[in-house]
Enquirer: 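Take this structure first; my questions come after.
By convention in this document, chain letters (A, B, ...) are assigned in the order of the sequence lines, proteins followed by strands, and residues within each chain are numbered from 1.
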Amino acid sequence: MLLLAFCFASFLCRAQTPSTASQVKAVFLFNFAHFVTWPPSSFTASSSPFVIGILGTDPFEAYLEKVIEGERIEGRPILVQHFKDIPDIKQCHILFINRDSPPETIQQLNQRGILTVGDRSSFAKEGGMIGFSLENNKIRFQINAKTAKVANLQISSKLLRLADVIEK
Amino acid sequence: MKPSSSSIQIKLIRLILTICGLVLLVACGSFLLYEYFTFRNIAKRELNTLGQVTAYNLTSSLAFDDRSDATDLLQALRSQKDIVAAALFDSSGNLFATYPQKISPNLLPAAIKGQSYFFTSNFLEGYEPVLMDTKQLGTLYLKSDMRPAFSRLLLYGGIASLFFLLVFLLTYLLSRKLQRSITRPILHLAGKAKLVSEKKDYSVRAETKSDDELGTLTDAFNQMLTQIESQNREIQALNSNLEEKIDRRTAELQQANGALKEQNELIQTIIDSSIDVIAVLDKELTILTLNKYAADFLQHSSENLIGKRLLQVVPELAGKTFVANLQQALNGEFIHVEAYHVQLADAFFENFFIPLRDQEGVVDRVLLIAHDVTGIMRANAKLQLLNTELEKSNHDLEQFAYVASHDLQEPLRKITTYADLCEHKIDNPELRTRYLQKIASSARRMTDLIKAVLNYSRLSRTDAEFTEVNLNFIIDQLETDLELTITEKDAVIKKEVLPAVRGIPLQISQLFLNLLTNALKFTEKAPLITIGARPLTPEDRQITNLLKGDGEYLKIEFSDNGIGFDQTYADKIFYIFQRLHTGDQFGGTGIGLALCKKIVENHQGAITVKSEKVKAPLFLFTSQLTPGSRKQPVPSWIER
């Protein structure tokens with residue numbers, strides 16, 4: 001799966017298209033899980049799955065399912081769930097928000113220990129945790145370390161090193 | 001004695017140095033070896049740690065495809081002096097980032113090989129997986145230059161060698177000094193021992209300097225010398241006594257030997273002076289001893305003959321009676337051979353084969369004594385020959401006596417008769433004259449007879465030389481002598497050209513004269529005489545088994561058309577005074593053919609006759625063609 005991702009990464013350099021960009025994002029979304037530590041309370045049981053949720057329209061068109069196929073995070077199986085609205089969200093660890101949502105709502109989600117990821121560069125400033133952006137034809141991301149800390153999520157320095165960190 | 005030349009000193013120093021050198025070598029070697037392997041392990045572990053740390057940090061760079069971040073991280077390796085190259089490969093093996101940033105490609109491997117750390121000629125290289133959880137995102141390659149480290153090791157080696165040499169030198173100097181305490185007493189002892197063995201001087205003593213084992217050894221050596229000295233003295237005393245005894249005994253023995261030798265020489269001289277062959281042989285017929293006469297006979301020196309096999313020396317003896325006789329004697333039989341003919345030497349020996357017995361009475365040798373009897377044998381043979389001749393002469397004499405009593409009496413009787421008649425017819429002169437004529441004729445005939453007998457007897461003891469005789473010349477001569485008779489009888493002599501033969505000319509002439517007169521006499525009218533010569537055929541030899549010699553013979557055929565006679569008388573005609581016809585019919589003394597036989601026999605030939613009543617008689621005899629090499633008279637034969 002990752003292999004595919006890197007192939008696309010090199011492909012991105014030459015011809016960036018929205019669809020390949022979203023494929024890279026799908027991979028990044030999965031990779032974030034490896035550099036962030038959730039509190040034990042965010043899992044009901046030791047064997048409960050790791051859930052990646054998508055709020056709003058799915059830009060990955062089932063590609064995310066392909067990426068996580070056969071993968072595990074710290075021994076847990078991975079589940080991809082689509083949510084239409086915020087109240088639908090129950091058990092979730094990473095949530096990709098693909099629509100405009102008021103900062104209060106996002107804050108509410110943050111407090112539930114969910115790593116919120118947005119597809120806008122301003123997303124982190126607006127109270128989300130990680131926001132994708134396009135810079136020199138490369139996908140980059142901003143991290144709001146403060147919100148993450150509030151949500152009791154530990155983000156690895158290795159991840160922070162690569163990101164534009166916002167302390168607000 | 002120079003201490004430096006002593007081998008025990010050298011051996012001791014060598015021993016110490018060998019042990020010291022070996023210990024040092026093992027110590028330094030194991031130290032260096034340990035250092036080398038430890039160093040390698042440490043280097044490997046260090047690089048491994050560095051690899052793991054770096055790889056851990058590189059995880060996110062690969063996960064989020066950040067090359068610049070990865071490059072930055074790798075540049076941090078600058079702090080590690082030995083690292084000459086590093087590279088990060090992604091999971092499909094493509095180069096993701098390098099250190100230094102601009103790197104020559106030959107510093108990097110062409111492809112990822114495994115996940116381990118390993119040494120190449122001058123470098124330590126290694127691959128470290130970059131893991132995200134359990135997932136490998138890529139591989140980190142590190143290359144460390146080992147040369148500075150190796151040169152450090154080399155320096156250690158140099159120091160160790162120097163240390164080795166120093167200790168070795170020190171050991172040598174120390175051992176030189178310390179070994180003397182051991183070697184000096186040994187050398188002293190060795191010197192004394194050498195002195196004893198060279199000069200046989202057992203009064204030498206070694207000095208005792210120490211009270212250790214060497215001191216004990218020296219004391220024991222001295223004690224041993226003392227013992228040897230005293231024993232020597234005893235032995236010398238014994239020896240001189242023994243020598244005296246031996247001298248006395250030797251003198252006695254020499255005297256006895258001399259006497260024995262003298263006696264032996266006398267016996268040997270007697271044996272050697274013997275004119276008999278004396279020899280002793282063993283069961284293998286090996287010559288054990290033989291006298292000078294025997295050696296001379298075999299034409300060898302006795303040294304060459306003794307110990308040799310008889311058949312080896314005289315191989316001609318194999319299978320001869322002589323060897324059989326030797327064997328018989330070896331079987332215990334006493335053999336006496338009166339006359340043994342030795343063909344080689346043409347000599348005769350009277351041989352004695354005497355068995356010799358050993359102490360147990362078993363025959364193991366044979367003594368041969370052979371006495372030369374050749375002279376006696378020769379004399380015997382001569383005597384026998386003379387005897388034969390005498391017998392023959394006797395026979396002739398008997399014949400002669402018979403003839404004399406018979407044939408010579410006849411004219412005498414005539415003379416007596418006519419003399420008586422003369423006395424009675426004294427008055428008749430005519431008759432008396434006739435009677436007196438008869439008496440004269442008888443007396444003449446008597447004279448002829450006596451002459452003929454004398455001729456015959458002369459033939460018996462002729463010493464005339466054999467020469468080459470021309471038969472043609474002789475017959476021509478005889479023809480001339482007999483011309484008158486030939487003309488009177490109207491005779492014809494047909495003769496071939498005859499070859500020359502060996503013989504006594506006068507006798508050959510007499511032979512032909514007798515044959516010719518015989519032929520002329522016993523023919524009434526016109527005799528035809530033929531003389532021819534042919535080579536002798538094998539049949540001729542068979543017919544006339546009278547031939548004695550084995551030389552080359554010639555057959556001479558003599559025939560006439562005379563009166564002939566019955567073949568049954570063929571032998572008789574050759575005896576003296578044997579006549580087949582009455583004197584009235586044919587004249588003759590009756591001695592002619594006997595003379596012929598004698599002459600032919602003198603020439604080793606034979607004479608026979610073949611006759612048939614009607615046909616002419618045929619005389620045949622042989623003679624050799626040309627002078628032969630034989631010394632014996634050339635044989636000839638005649639046949640009728």
Enquirer: For this output row, return yes or no: ring centroids of B:F89 and B:Y127 closer than 6.0 angstrom.
Expert: no
Enquirer: Taking only heavy atoms into account, what residues of residues 37-55 of chain A are found under 4.5 Å from chain B?
Expert: none
Enquirer: Measuring heavy-atom distances to chain A, does B:T59 have an atom under 4.5 Å in its side chain, in its backbone, in both, or in neither?
Expert: both
Enquirer: Is a side-chain N or O of A:D85 found less than 3.5 angstrom from the main chain of A:D88, in a donor-acceptor match?
Expert: no
Enquirer: Quick test of your reading of the model: are B:D145 and B:R147 salt-bridged, counting only N-O distances below 4.0 Å?
Expert: yes
Enquirer: Please check: side-chain N/O of B:D69 versus main-chain N/O of A:L162, any donor-acceptor pairing under 3.5 Å?
Expert: no
Enquirer: Do B:F64 and A:F141 make the cut of ring centroids closer than 6.0 angstrom?
Expert: yes
Enquirer: Heavy atoms only: give me the nearest A:F35-B:A63 pair and the separation to one decimal.
Expert: CE1-CB, 3.8 Å
